[in-house]
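Report on the structure given below.
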Amino acid sequence: MRTEEKDAEEDEQQWPSSRSAQEVLLIVLPYLHSLFELLSMTTVSRSLRDAIRDETALWTKIVVEQPLSSRLTDDILWDITSKSAGKLNALILRQCLRITDKGLRRVVDANPLIRKIIVPGCTELTPEGIIGCVESLKNVEILHINGVHRFTKDHHSVLSTYLPHEGAIDVEVCPKCDQVMMIPSCSRVSCNRGRRHERKCRGCWFCVPRCRECSVCLGSDTEIQEAACGGDSLCLECWLVLPKCRFCNKPYCSSHSSLRHDIATNDPSAQPMFECQACHYRAGTSPYDAFDYQI
């Protein structure tokens with residue numbers, strides 16, 4: 001115990017104790033991207049930890065993403081948002097699977113200044129719970145709910161009355177399947193000559209074939225390439241520039257690049273190589289027969 005206390009005292013002595021140094025850090029801290037980065041800074045020293053805890057301005061925007069998403073619960077979210085003293089203006093929760101309507105509403109009721117709610121992939125939330133939060137705030141400017149299930153046209157219509165300006169809600173009613181889905185913008189020049197709602201390729205990912213990388217619609221005049229992430233397609237332009245598996249010569253799109261199995265090399269000048277999951281787990285993989293097998 002004495003050794004630990006001594007080490008802690010030495011750490012405090014090594015950390016600059018001048019007020020100017022701490023003020024400089026407090027200016028930099030608001031530019032940290034996520035809650036994970038902010039909490040990491042609390043381990044630097046005891047004085048910095050106390051300063052972060054007591055500085056309300058650092059807690060007016062909460063961004064929770066991996067690796068904290070899977071650990072966040074309603075009670076933990078309440079403890080974190082309480083540090084803003086009711087001045088929270090942006091709540092961003094990405095794929096927080098344990099956050100419920102009750103937990104979100106508790107935070108919203110205590111923070112009437114919230115203008116941005118981004119909760120993609122929070123599957124425990126419901127349309128009724130999100131609508132209740134928006135109705136309670138009445139000043140929300142941005143609402144991202146992609147991945148929250150069971151949204152209908154009626155739910156979307158209600159939300160649109162509170163967020164009428166275009167782009168405020170990240171999902172729309174697909175004109176082809178009539179489901180509430182994300183409708184990506186098309187990067188093809190010919191598709192953007194008219195009004196947005198008049199585009200022939202306007203539709204969700206399920207109704208309109210698109211390049212997973214750039215979202216361009218894949219028509220009959222487009223050369224379509226297969227990605228390694230299974231079922232995803234790429235346009236030729238994106239396929240040419242993306243890194244490819246050294247065996248099957250298929251690339252991963254950027255959103256699935258974490259699935260790559262990187263191959264270590266001792267040559268610093270060599271280009272990075274990887275194997276896709278199919279080639280990595282295939283028993284007896286050989287570079288000579290990697291092109292003619294069936295999964």
Side-chain angles (χ1 to χ4, degrees), residues 65 69 91-97 99 101 104 115-135 137 140-239 252-257:
E65 49 193 18
S69 296
L91 183 62
I92 303 175
L93 309 176
R94 302 187 189 278
Q95 297 179 336
C96 297
L97 308 180
I99 297 301
D101 290 340
L104 181 63
R115 296 183 177 274
K116 180 186 295 186
I117 298 178
I118 299 179
V119 288
C122 296
T123 54
E124 286 298 311
L125 297 178
T126 66
E128 292 76 15
I130 292 177
I131 290 174
C133 291
V134 173
E135 289 176 339
L137 292 169
V140 178
E141 298 176 354
I142 297 177
L143 178 65
H144 289 188
I145 50 178
N146 182 42
V148 179
H149 305 310
R150 298 180 296 277
F151 263 95
T152 65
K153 292 175 60 176
D154 293 335
H155 293 136
H156 188 271
S157 178
V158 172
L159 288 175
S160 298
T161 60
Y162 294 98
L163 296 95
H165 45 286
E166 185 175 341
I169 308 174
D170 65 333
V171 294
E172 304 175 63
V173 179
C174 176
K176 300 185 183 299
C177 66
D178 221 29
Q179 299 296 314
V180 178
M181 308 283 287
M182 280 195 70
I183 299 180
S185 58
C186 184
S187 57
R188 190 186 296 273
V189 177
S190 59
C191 293
N192 292 308
R193 290 175 181 172
R195 295 182 179 179
R196 181 173 181 273
H197 291 279
E198 297 176 351
R199 285 194 290 113
K200 293 182 180 180
C201 70
R202 184 170 178 268
C204 65
W205 287 96
F206 296 101
C207 295
V208 179
R210 295 184 182 278
C211 172
R212 180 58 65 173
E213 190 70 14
C214 68
S215 299
V216 67
C217 59
L218 300 175
S220 57
D221 59 338
T222 307
E223 187 170 348
I224 303 175
Q225 302 294 329
E226 185 180 356
C229 24
D232 290 340
S233 300
L234 299 169
C235 65
L236 181 61
E237 289 77 8
C238 292
W239 185 89
Y252 277 114
C253 60
S254 299
S255 59
H256 295 110
S257 59

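Worth knowing before you read on, the calculation uses all heavy atoms, side chains too, and leaves out hydrogens, waters and symmetry mates.
- Using a 4.5 Å cut-off on side-chain heavy atoms (C-beta onward), Val119 and Ile99 make no contact.
- Between the CG atom in Leu104 and the CD1 atom in Ile117 there is a gap of 6.0 Å [rounded to 0.5 Å].
- For Glu135, the side-chain contact (heavy atoms from CB on, under 4.5 Å) partners are Ile131, Val158, Tyr162, not counting sequence neighbours.
- With Arg188 contributing its side chain and Cys217 its backbone, the two residues share a donor-acceptor pair below 3.5 Å.
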Steps toward side-chain contact (heavy atoms from CB on, under 4.5 Å) verdict (Val171, Phe151): CA-CA 10 Å; Val171 294; Phe151 263 95; 5.8 Å; no

For a quick test of your reading: what N or O donor-acceptor pairs under 3.5 Å do the side chains of residues 204-215 make, sequence neighbours left out?
unit_1	atom_1	unit_2	atom_2	d
Arg210	NH1	Ser215	O	3.0
Arg210	NH2	Cys201	O	2.6
Glu213	OE1	Ser254	N	2.9
Glu213	OE1	Ser254	OG	3.3
Glu213	OE2	Ser254	OG	2.4

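- With sequence neighbours excluded, the residues that form a side-chain contact (heavy atoms from CB on, under 4.5 Å) with Lys153 are Val173, Asp178.
- Not counting sequence neighbours, His156 has no partner by the ring pair (Phe, Tyr, Trp, His ring centres under 6.0 Å) test.
- Here the CD atom belonging to Glu223 is positioned 11.0 Å from the CG atom belonging to Leu218, to the nearest 0.5 angstrom.
- Rounded to the nearest 0.5 angstrom, Ser69 OG and Leu97 CG are separated by 8.0 Å.
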List the atom pairs, with distances to 0.1 Å, where a side-chain N or O of residues 121-129 and a protein N or O form a donor-acceptor pair under 3.5 Å, not counting sequence neighbours.
unit_1	atom_1	unit_2	atom_2	d
Thr126	OG1	Asp101	OD2	2.4
Thr126	OG1	Gly129	N	3.1
Glu128	OE2	His155	NE2	3.2

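- A distance of 11.0 Å separates CG of Leu236 from CD1 of Ile224, quoted to the nearest 0.5 Å.
- Between Gly203 and Ile183, the shortest heavy-atom distance links the atoms O-CG2, 3.5 Å.
- The structure places NZ of Lys116 at 12.0 Å from CG of Leu143, a figure rounded to the nearest 0.5 Å.
- Rounding to the nearest 0.5 Å places NE2 of His165 at 7.0 Å from CD1 of Ile142.
- Every residue two or more places apart in sequence or in another chain was checked for a salt bridge (Lys or Arg N to Asp or Glu O under 4.0 Å) with Glu237, and none qualifies.
- Looking at Leu159 and Ile145, their side chains come closer than 4.5 Å, going by heavy atoms from C-beta outward.
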